[in-house]
Amino acid sequence: MITTDFVPGSPCWLDLGARDVESEAAFYRAVFDWQAAPYSEEPDGYTLFRLDGKVVGAVGPLTEAGARPAWTIYFNTPDADATIKAAEQAGGAVRTQPAEVGATEGRFAQLTDPQGAEFAIWQPGRYPGLELTDAPGSLGWVELFTTDSAAAQAFYRSLFGWTTQDISLPGGGGPYTLIGPEGAGEERMHGGIMGVPPDFFEGGGKPYWHPVFGTADCDATVGLVTRHGGAVSMGPQTAEGVGRLAVCTDPTGAEFVVLRPQEQTPETAAG
């Protein structure tokens, strides 16, 4: 569960790097009924997504040479400089040094873990982050697909102190590691790490994070994805104990998952 009372190490923001901000905004408006509006009067293209008036993410132009359209997950930190130092000491790399947003909004930096997955950190000032989570049309989970799960877990623990818990995927899909803020309990697990073989990343791909967005009707959302130029690489399918989900890409190839969570009953909650 991702909540908006952010604590160190919890996902608190996400944005999409796009070649064409307007066309990407049009796609996500059609799929999730998001509203899109410029973040500021500056002509930089950075655009906020809202659902029912609450911010659920953003889209902006790609700024790094050779970058591909993709969603970036931001994790909360009380001290961006300390987190960057820890990342470098643990074998990660800093792609952009900490930068201020506005006069008092906060500071962010973009990093890469030792296996190549890109992510970002947010040190909040006046602005804590997302305003709606864990609801249809908003971020409910984050996932890392990586070639070395154990190494990735060690790296992120050194940055954020995450709690981890290994589980078996339904249908014998292999080990999956749940991640959550230190000391927050199982109910605050906010994502997972999935180890995959190197040949999983075809065509020069590399480990990556992707967001999981909630939906009230997975099949209907998938229909909107394909109708508006996106694609589906897996599903829709029902995963026992998880819900009905599909792995999708938008028209430019940025990956995300849509999930209708399984309704919790006393039996499933206890199990």
Side-chain angles (χ1 to χ4, degrees), residues 11 14-19 24 27-28 57 59-60 62-75 87-88 90-96 109-121 139-160 162 164 166-179 190-213 222 225-226 229-237 239 242 245-259:
L14 79 164
D15 57 22
L16 173 66
R19 297 190 182 98
E24 285 287 73
F27 171 80
Y28 288 96
V59 57
L62 291 168
T63 57
E64 298 179 61
R68 300 177 181 180
W71 284 97
T72 298
I73 309 298
Y74 291 64
F75 298 101
E88 292 177 323
V94 180
R95 302 196 321 280
T96 63
Q110 297 180 324
L111 300 91
T112 304
D113 73 20
Q115 287 71 50
E118 298 179 353
F119 66 103
I121 55 175
L139 184 68
W141 194 254
V142 296
E143 287 185 321
L144 172 64
F145 282 20
T146 184
T147 50
D148 192 334
S149 177
Q153 291 175 51
F155 172 78
Y156 288 101
R157 276 197 300 266
S158 73
L159 268 61
F160 304 122
W162 283 346
T164 60
D166 289 340
I167 63 171
S168 296
L169 291 175
Y176 184 85
T177 301
L178 302 176
I179 54 177
H190 58 236
I193 297 176
M194 180 72 183
V196 296
D199 60 8
F200 177 87
F201 304 104
E202 299 177 356
K206 59 185 179 181
Y208 62 88
W209 287 93
H210 65 201
V212 179
F213 298 116
V222 166
V225 168
T226 56
V232 179
S233 58
M234 187 188 78
Q237 64 185 46
V242 177
L245 60 87
V247 180
C248 305
T249 54
D250 69 21
T252 64
E255 185 173 285
F256 61 97
V257 174
V258 293
L259 168 68

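Since the structure is predicted, the reported quantities are computational estimates derived from the model, not experimental observations.
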Between Pro236 and Val222, which heavy-atom pair has the shortest distance, and what is it?
CG-CG2, 3.8 Å

Mind listing the closest non-hydrogen atom pair of Thr96 and Ala109 along with its distance?
O-CB, 3.4 Å

No-hydrogen, no-angle side-chain donor-acceptor test under 3.5 Å, Asp250 and Thr252:
yes

With side chains defined as the heavy atoms from C-beta onward, is the minimum distance between Gln153 and Ile179 less than 4.5 Å?
no

Distance in Å, Glu118 CD paired with Ile73 CD1, rounded so as to fall on 0.5 Å steps:
12.0 Å

Quick one: which of Phe119, Trp71, Tyr156, Trp141 gives a ring pair (Phe, Tyr, Trp, His ring centres under 6.0 Å) with Trp209?
Tyr156

Minimal heavy-atom distance between Phe27 and Pro251, with the atoms involved, is CD1-CD, 3.5 Å

Euclidean distance, Arg95 CZ relative to Thr112 OG1, rounded to 0.5 Å
4.0 Å

Applying side chain to side chain contact (heavy atoms under 4.5 Å, CB included) to Thr177 and Trp162, what does each step give before you reach the verdict?
CA-CA 11 Å; Thr177 301; Trp162 283 346; over 6 Å; no

Would you check if Phe160 and Ile121 make a side-chain contact, meaning some heavy-atom pair closer than 4.5 Å?
yes

Closest heavy-atom pair and its distance - Lys206, Gly116
CD-O, 3.5 Å

In terms of side-chain heavy atoms, does Gln110 have a donor or acceptor partner in Thr72 at a distance below 3.5 Å?
no

Nearest 0.5 Å, please: how far is OG1 in Thr146 from CD1 in Ile193?
7.5 Å

Side chains of Leu144 and Asp113 in contact at under 4.5 Å (non-hydrogen atoms):
yes

Of all the heavy-atom pairs spanning Ala254 and Leu16, show the shortest one and how long it is.
CB-CD1, 3.6 Å

In this structure, CD of Gln115 is separated from CZ of Phe201 (nearest 0.5 Å) by 10.0 Å

Minimum-distance pair of heavy atoms, taken over all atoms of Ala18 and Glu24
CB-CG, 3.6 Å

Do Leu139 and Pro211 have side chains that approach each other closer than 4.5 Å (heavy atoms only, starting at C-beta)?
yes

Output, in order, the C-alpha distance, side-chain angles, deciding distance and verdict of side chain to side chain contact (heavy atoms under 4.5 Å, CB included) for Met234 and Leu245.
CA-CA 8 Å; Met234 187 188 78; Leu245 60 87; 3.4 Å; yes

For the residue pair Tyr28 and Phe256, is the inter-centroid distance of their aromatic rings smaller than 6.0 Å?
yes

For the atom pair CE (Met194) and OH (Tyr176), what is the distance rounded to the nearest 0.5 Å?
8.5 Å

Side-chain heavy atoms of Pro11 within contact of Phe75, under 4.5 Å
yes

Evaluate Tyr74 against Asp15 for side chain to side chain contact (heavy atoms under 4.5 Å, CB included), listing each step before the verdict.
CA-CA 8 Å; Tyr74 291 64; Asp15 57 22; 2.7 Å; yes

